[in-house]
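Notes for the one structure printed next.
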Amino acid sequence: MNTPNAPWLKHYGDIPATLEYPQGSMYEAVRDSAVKLNKMNSEAYEFQGKKTTYKQFLSKVDTIGKAYKSIGINKGDTVTVCMPNTPQGVDSFYALNRIGAIPAMIHPLSAVGEIAFYINTAGSKAVLVVDLFYEKVLEALEQVDHQVKVIVAHIKDELPFPLNLLYPLTLKKKPAPLPEDNKNVIDWGDFVSAGKKAAPLTGDMPAANETAVILFSGGTTGTSKGIELTNLNMNALAYQVASNAGFSMEGLRMFSVMPLFHGFGLGVGIHTALAASGTCIIIPQFTIKTYARDVKKYKPNVIVGVPTLFEALLRSEGFDFDLSFLRGMFCGGDSLSVELKKKVDTFLKEHNANIQVREGYGTTECVTASCLTPYDTYREGSIGIPLSDTFYSIVDPRTDTPLPYGEEGEICICGPTVMKGYLNNAQETASTLRTHSDGNVWLHTGDLGVMDQDGFVYYKQRMKRLIIVSGINVYPSQVENAIDTHPDVLLSCAIGVPDPYKMHVVKAFVVLRKGVEPSDKIKEEILDYCKKNISRYGVPKEIEFRDDLPKTLVGKVAYRRLEEEELAKYQANKENK
């Protein structure tokens with residue numbers, strides 16, 4: 001690799017500019033760290049008060065790896081993991097890696113059409129799903145043209161006594177019983193029992209450059225694509241975050257609230273913690289009502305989240321206790337406003353936490369964070385400096401030519417966390433991973449930014465249309481496609497509008513066909529179309545009917561004008577309050 005310019009290195013202090021990474025699998029990185037640091041009897045994770053040591057965790061991983069092999073999952077096969085943050089989801093992630101299979105992580109609240117798309121795209125041979133959502137998976141499989149086994153897990157099985165008995169009583173909707181006549185639907189208990197009886201696993205492990213996980217994102221065109229991340233990508237991310245944290249991550253407690261299907265939640269919230277022999281506090285569902293209670297109960301040393309999580313910190317009742325146990329707080333998934341950072345930093349200081357909330361930036365195409373605010377330095381509006389072995393270049397989007405410091409251009413990233421490519425999509429991969437004149441392969445993010453002469457990076461705006469709701473990517477084209485399916489709709493446009501809690505929510509502008517009058521009935525029908533075809537994050541919070549939509553000079557819908565209108569309304573409302 002030809003080493004690009006790196007003016008940020010002078011701000012590294014004791015942080016190494018380059019690191020040595022594990023050259024094996026994710027599983028080996030976790031196992032070898034626990035052995036080397038003598039942590040086998042320490043807690044790997046805690047779930048609702050139930051603690052699991054590294055020795056127990058690695059034993060479970062082996063058993064579950066054997067269970068997957070017993071249903072025909074082998075090296076190179078893909079399994080869709082459709083789970084909230086639970087031990088079964090974490091165990092399966094590493095068990096599949098242990099046998100060389102590939103987990104494809106998806107949101108359990110995905111719509112039926114999305115689940116079918118994900119399974120077909122990944123070619124999954126099996127799906128792991130929590131019992132509350134397995135009927136939705138069975139419905140999705142009606143749109144899948146190959147046989148898929150469904151393993152149904154139960155949260156109650158991982159709860160300590162007496163929560164395991166009380167949990168079912170708290171559910172508003174009871175999970176449906178598993179069908180007795182469908183041999184492709186397997187209860188988790190039977191699945192694990194088969195694994196315990198199966199032959200021992202061999203010592204074969206996947207190589208560093210082999211695909212370790214598939215995460216889904218929109219790529220550069222807004223069409224959802226599978227992102228292939230290798231063992232090296234995931235291990236490099238874990239080592240980079242641990243080395244650039246500014247404190248030792250060894251043995252620390254991570255508040256693992258970000259979801260498993262999210263690069264930030266999986267890469268930092270889970271894998272970084274386990275690769276450093278820390279403890280994951282697995283939080284299955286974040287609510288503002290339980291936030292303070294959980295932080296007080298578990299006393300995490302590190303909290304990672306999207307801006308919504310930190311905004312909730314300021315609004316949650318019950319944070320009346322000392323937070324000096326916090327060593328790090330990292331924000332990603334969306335831009336952290338200068339105002340919110342100031343408020344959170346003040347909150348931390350008032351609660352005796354001698355830290356600042358540190359903003360990171362990255363894309364799923366490089367797992368997650370690749371740039372981070374230094375431990376003891378902050379420049380207002382900056383997303384920080386690149387992590388070890390990671391290089392940033394600001395280029396002219398038309399020519400890929402590097403621009404001088406201070407000039408705005410496309411943010412490009414080069415380093416060991418850059419993805420292998422988009423699954424079965426060479427064209428999109430080639431447009432996103434490009435070899436520049438320096439001979440290096442650069443990831444084109446589709447985001448505009450500026451770098452100052454000290455190497456601090458400033459994010460400006462997206463080149464592609466994208467709405468981020470509570471840290472989750474929503475692609476307007478997918479929302480519009482769902483709305484336009486309604487027979488009375490002529491035209492639609494989805495935009496992100498500011499929201500005091502979720503940062504943004506989706507608003508849809510809809511033009512109906514000639515002769516059709518707007519009505520609450522049509523609005524409800526449109527929302528039903530959306531709920532069936534896109535995730536809940538993409539379902540419009542508001543629908544506004546219009547006679548026409550503004551157009552650009554070339555006849556396209558001028559969505560930016562609609563965004564400007566809504567922003568002006570939002571700011572005016574804030575001033576009037």
Side-chain angles (χ1 to χ4, degrees), residues 6-19 21 236-256 258 264 267-269 271-273 275-279 295 299-307 309-310 313 322-333 335-338 340-362 366-392 413 415 417 451-459:
W8 54 83
L9 292 180
K10 59 191 170 203
H11 296 281
Y12 265 28
D14 295 333
I15 295 170
T18 189
L19 303 169
Y21 304 106
L237 182 278
Y239 274 50
Q240 287 176 345
V241 172
S243 296
N244 288 251
F247 54 89
S248 173
M249 297 280 282
E250 181 186 328
L252 293 190
R253 295 168 64 80
M254 175 76 74
F255 198 63
S256 304
M258 290 292 292
F264 196 20
V268 179
H271 191 54
T272 295
S277 293
T279 301
V295 171
K299 290 185 170 50
N301 306 117
V302 184
I303 296 179
V304 298
V306 293
L309 188 82
F310 299 111
L313 189 79
D322 190 290
L323 291 173
S324 58
F325 50 80
L326 285 173
R327 299 292 305 281
M329 185 174 276
F330 302 101
C331 181
S335 297
L336 179 69
S337 69
V338 172
L340 181 55
K341 175 176 166 54
K342 287 178 179 177
K343 290 176 182 176
V344 173
D345 286 346
T346 299
F347 176 91
L348 291 170
K349 188 175 182 180
E350 289 172 349
H351 290 75
N352 297 321
N354 190 29
I355 60 171
Q356 62 168 323
V357 60
R358 296 162 65 192
E359 185 172 8
Y361 165 87
C366 60
V367 189
T368 180
S370 55
C371 185
L372 180 66
T373 304
Y375 183 75
D376 55 359
T377 306
Y378 171 64
R379 293 192 180 182
E380 189 169 292
S382 171
I383 53 177
I385 59 178
L387 300 177
S388 302
D389 293 312
T390 299
F391 298 90
Y392 269 49
I413 303 169
T417 62
M451 182 187 292
D452 66 24
Q453 60 184 5
D454 292 326
F456 281 76
V457 182
Y458 299 78
Y459 166 84

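Note that the structure is predicted; figures quoted are calculated from it, not measured.
Put simply, the side chain of S256 gets close to the backbone of G269: a donor and an acceptor are under 3.5 Å apart. Checking side-chain atoms of S382 against main-chain N and O of Y458 turns up no donor-acceptor pair under 3.5 Å. Remark: side-chain polar atoms of N301 are not paired, donor with acceptor, to backbone N or O of G328 under 3.5 angstrom.
Partners of T368 according to the side-chain hydrogen bond (donor to acceptor under 3.5 Å, both in side chains) rule, which considers only residues two or more places apart in sequence or in another chain, do not exist here. In terms of the side-chain hydrogen bond (donor to acceptor under 3.5 Å, both in side chains) criterion, S243 has no residue partners (sequence neighbours excluded). Listed by chain and number, the residues in a side chain to side chain contact (heavy atoms under 4.5 Å, CB included) with A369 amount to none (sequence neighbours excluded). Qualifying side chain to side chain contact (heavy atoms under 4.5 Å, CB included) partners for T377, counting only residues two or more places apart in sequence or in other chains: P374, F456. Here D322 pairs with nothing under the salt bridge (charged side-chain N to carboxylate O under 4.0 Å, His left out) rule; sequence neighbours left out. With sequence neighbours excluded, the residues satisfying side chain to side chain contact (heavy atoms under 4.5 Å, CB included) with L372 are F330, R358, L387. With sequence neighbours excluded, the residues satisfying side chain to side chain contact (heavy atoms under 4.5 Å, CB included) with A238 are H271, T272, A275. With sequence neighbours left out, R327 forms a salt bridge (charged side-chain N to carboxylate O under 4.0 Å, His left out) with no residue at all. Evaluation of the salt bridge (charged side-chain N to carboxylate O under 4.0 Å, His left out) rule for K342 yields E380 as partners, not counting sequence neighbours. Residues satisfying the ring-ring contact (aromatic ring centres under 6.0 Å, His included) criterion with F264, sequence neighbours excluded, are absent altogether. Partners of F325 under the ring-ring contact (aromatic ring centres under 6.0 Å, His included) rule, at least two apart in sequence or in another chain, do not exist in this structure.
The shortest heavy-atom contact between V367 and G267 is CG1-CA, 4.3 Å. Smallest separation of non-hydrogen atoms from P307 and L340: O-CD2, 3.9 Å. Closest non-hydrogen pair, G455 versus P386, comes out as O-CD, 4.0 Å. Summarising the geometry of M254 relative to V304, their closest heavy-atom pair is SD-CG1, 4.0 Å, with the distance given to 0.1 Å. Here the closest non-hydrogen pair linking P16 and S388 is O-OG, 2.7 Å. For L348 against I355, the heavy-atom pair with the smallest separation is CD1-O, 3.9 Å.
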Is there a side chain to side chain contact (heavy atoms under 4.5 Å, CB included) between I413 and Y361 once you walk through the steps? CA-CA 11 Å; I413 303 169; Y361 165 87; 4.3 Å; yes
Kindly indicate, with the supporting measurements, whether the criterion side chain to side chain contact (heavy atoms under 4.5 Å, CB included) is fulfilled by V302 and F247. CA-CA 11 Å; V302 184; F247 54 89; 4.0 Å; yes
Evaluate the criterion side chain to side chain contact (heavy atoms under 4.5 Å, CB included) for residue pair D452 and R379; output intermediate values, then yes/no. CA-CA 11 Å; D452 66 24; R379 293 192 180 182; 3.0 Å; yes
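In this structure, the separation between CD1 on I15 and CG on L9 is 10.5 Å, given to the nearest 0.5 Å. Rounded to the nearest 0.5 Å, atoms CG (L323) and NZ (K349) are 15.0 Å apart. Note: D345 CG to M329 CE = 9.0 Å, rounded to the nearest 0.5 Å. Expressed to the nearest 0.5 Å, how far CG of L237 lies from SG of C366 amounts to 8.0 Å. To the nearest 0.5 angstrom, M249 atom CE is 12.5 Å from Y239 atom OH. Interatomic distance, M258 CE to I303 CD1, rounded to the nearest 0.5 Å: 13.0 Å.
Evaluation of the salt bridge (charged side-chain N to carboxylate O under 4.0 Å, His left out) test over residues 6-15, restricted to residues two or more places apart or in two chains, returns K10-D454.
Between the side chains of T390 and Q240, a donor-acceptor pair is found at a separation under 3.5 Å. If you check the side chains of Y21 and D389, you find a donor sitting under 3.5 Å from an acceptor. Side-chain contact of S370 with Y392: a donor-acceptor pair under 3.5 Å is present, judged by distance alone.
A 4.5 Å side-chain heavy-atom check between V295 and P300 finds at least one atom pair inside the cut-off. In this structure the side chain of I385 reaches within 4.5 angstrom of the side chain of Y12, judged on heavy atoms.
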